Amino acid sequence: MEKNKILVTGGLGYIGSHTTLALQAAGYEVVIVDNLSNSQADMLDRIAAISGIKPALAQFDLCEEAALDQFFAEHANLGGIIHFAAFKAVGESVAQPLNYYKNNLLSLMLLLEKMQKYAVPYLVFSSSCTVYGEPESLPVTEAAPVQKATSPYGNTKQISEEIIQDVLKAQPALQAIALRYFNPVGAHESGQIGELPLGVPNNLMPFITQTAIGLRSELKVFGHDYDTPDGTCIRDYIHVMDLAEAHVIALQRLMEKKNRANYEFFNLGTGQGSTVLEVIASFERTSGQKLNYQLTERRPGDVVKIYADTALANEVLGWKARRNLDEMTRSAWQWEQNYRGQ
Ligand code: UFG
């Protein structure tokens, strides 16, 4: 019997919810584990409204071993796991390092233990381009050295990748793919799900849309004297649905035993760098709104420029980002408007 039931941890979060839809569209049954620490239960209804299928939700903290064990015991036929659940705010991780190490690492270790115990062999792990730090050459390939993390959050991603590799060396039956995301933005084309940061957003795109909708008075552009064409930082923004589809492809690669090693990792970006001012220009173009922004001082710790070399993902994974920056800003704005009822 084909095992098409997939566990998505953090499946009510930003990338998790979009990936749940992509999995459903590909015919998988999704079971979500989420403790609602940075998500809302009504995301389940939103997913159901789009796909017509309400995924099962088990609401508990992955760090609670008894609950996790019980979950695996009850779901004997899992085909694979996509693990999103983690804390992800860089600044908060500096203030609360132990919370980050405990939450992000313990949950992963328990998950790996249960994968062994219950013979669930396939894991897709949510990693980040943060592992590259400020890269020495661009575009950044997977061969670029992992640099010392500048935040506890970044360090949890590096350590997580190491933990997975070490466990897989000892347990060759387990197979994993780590996906190193660049900057995920945008929303599902329905405009019914999207990014929902708690409180004041740290990231650029939700700050732009919340400013345009009137929740924030102005966007501060952090730094305008960097060594880039317009002085603002460069990132590789990637549409969250492109990212979501990459997870399905990565999982299928494992399930169809197409992987070349039991641990693989891929950059997920478009390969295209955009400055902060280019993102703002795209937003103004697609929304028809004039954005209130101000050029201000640099944000400490920001990488100046980074964008992905996508050759490995294109050629080996067989995936390529399809949606451009205008589709990212347009969908992010549509979601913000829908969500705020405007
Ligand atoms: N920016 C602003 N104003 C804002 C917010 C962001 O100008 O209010 C700028 C930043 O300075 C940066 C760009 O917009 O140049 C993107 O910033 P984000 O905070 O959206 O994203 P980062 O690239 O800083 O962070 C992302 C992920 C993190 C990850 C990090 C690794 O969100 O999870 O990349 O570099 F750790």
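All residue numbers refer to positions in the sequence shown, counting from 1. Nothing here was measured: the structure is a model prediction, and the numbers come from that model. Counting starts at 1 for both ligands and their atoms, in listed order.
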The test is ring pair (Phe, Tyr, Trp, His ring centres under 6.0 Å); show your working for Y181 and H247 and say whether it passes.
CA-CA 11 Å; Y181 315 152; H247 287 76; 5.3 Å; yes
Residue list, ring-ring contact (aromatic ring centres under 6.0 Å, His included) with F87, at least two apart or on another chain
Y100
Please state which protein non-hydrogen atom is closest to atom 9 (C) of ligand 1 and give its distance, to 0.1 Å?
V276 CG2, 3.8 Å
Select one of side chain, backbone, both or neither to describe which atoms of V279 lie under 4.0 Å from any atom of ligand 1, heavy atoms only.
neither
Between N4 and E29, does any side-chain donor sit less than 3.5 Å from a side-chain acceptor?
no
Using a strict 4.0 Å threshold on nitrogen-to-oxygen distance, state whether E336 and R340 make a salt bridge.
yes
Main chain of T232, side chain of T228: is a donor-acceptor contact present, judged purely on distance under 3.5 Å?
yes
In ligand 1, which numbered atoms sit nearer than 4.0 Å to a non-hydrogen atom of V221?
7 (O)
Starting from the C-alpha separation in whole Å, work towards a yes-or-no answer on side chain to side chain donor-acceptor pair (under 3.5 Å) for Y118 and D69.
CA-CA 9 Å; Y118 290 94; D69 198 82; 2.8 Å; yes
Under-4.0 Å heavy-atom contact with ligand 1, by part of D302 that carries it
side chain
Residue list, side chain to side chain contact (heavy atoms under 4.5 Å, CB included) with A311, at least two apart or on another chain
D309, E315
Suppose we measure from atom 12 (C) of ligand 1 to each protein heavy atom; which comes out shortest, and what is that distance?
R235 NH2, 3.8 Å
Does the side-chain contact (heavy atoms from CB on, under 4.5 Å) test come out yes or no for K54 and I47, once each step is laid out?
CA-CA 7 Å; K54 193 167 179 168; I47 291 169; over 6 Å; no
Should you measure from each heavy atom of C233, which atoms of ligand 1 turn up under 4.0 Å away?
15 (O)
Under a 4.0 Å heavy-atom limit, does Y181 contact ligand 1 with its side chain, its backbone, both, or neither?
neither
Atoms of ligand 1 close to V90 [distance to a heavy atom under 4.0 angstrom, numbered from 1]:
36 (F)
Option nearest atom 29 (C) of ligand 1 (shortest heavy-atom distance, choices Y153, Y293, F182, F207):
Y153
If you scan protein heavy atoms around atom 17 (O) of ligand 1, the nearest is R299 NH2, 3.3 Å
Reference residue M328; test side-chain contact (heavy atoms from CB on, under 4.5 Å); the match among T270, V240, D242, N183:
T270
Hey, is K220 touching ligand 1 through its side chain, its backbone, both or neither, going by heavy atoms under 4.0 Å?
backbone
Using heavy atoms and a threshold below 4.0 Å, how should the contact between N183 and ligand 1 be classified: side chain, backbone, both, or neither?
side chain
Quick one: look at T130 and ligand 1, take heavy-atom pairs under 4.0 Å, and tell me if it's side chain, backbone, both or neither.
both
Just go through Y226, Y237, F222 and tell me whose heavy atom is the nearest to atom 13 (C) of ligand 1.
Y237
How far is atom 27 (C) of ligand 1 from the closest protein heavy atom, and which atom is that?
N203 ND2, 4.3 Å
For residues H18 and F84, establish whether the separation of their ring centroids is below 6.0 Å.
no
For atom 20 (O) of ligand 1, closest protein heavy-atom neighbour
L204 N, 2.8 Å
Element-labelled atoms of ligand 1 that are located less than 4.0 Å from some non-hydrogen atom of L219:
3 (N), 4 (C), 8 (O)
Ligand 1 contact on N202 by region, counting heavy-atom pairs under 4.0 Å:
backbone
Do V8 and L108 belong to the same hydrophobic cluster, where Ile, Leu, Val, Met, Phe, Trp and Tyr are linked whenever their side-chain heavy atoms lie under 4.5 Å apart, directly or via other members?
no
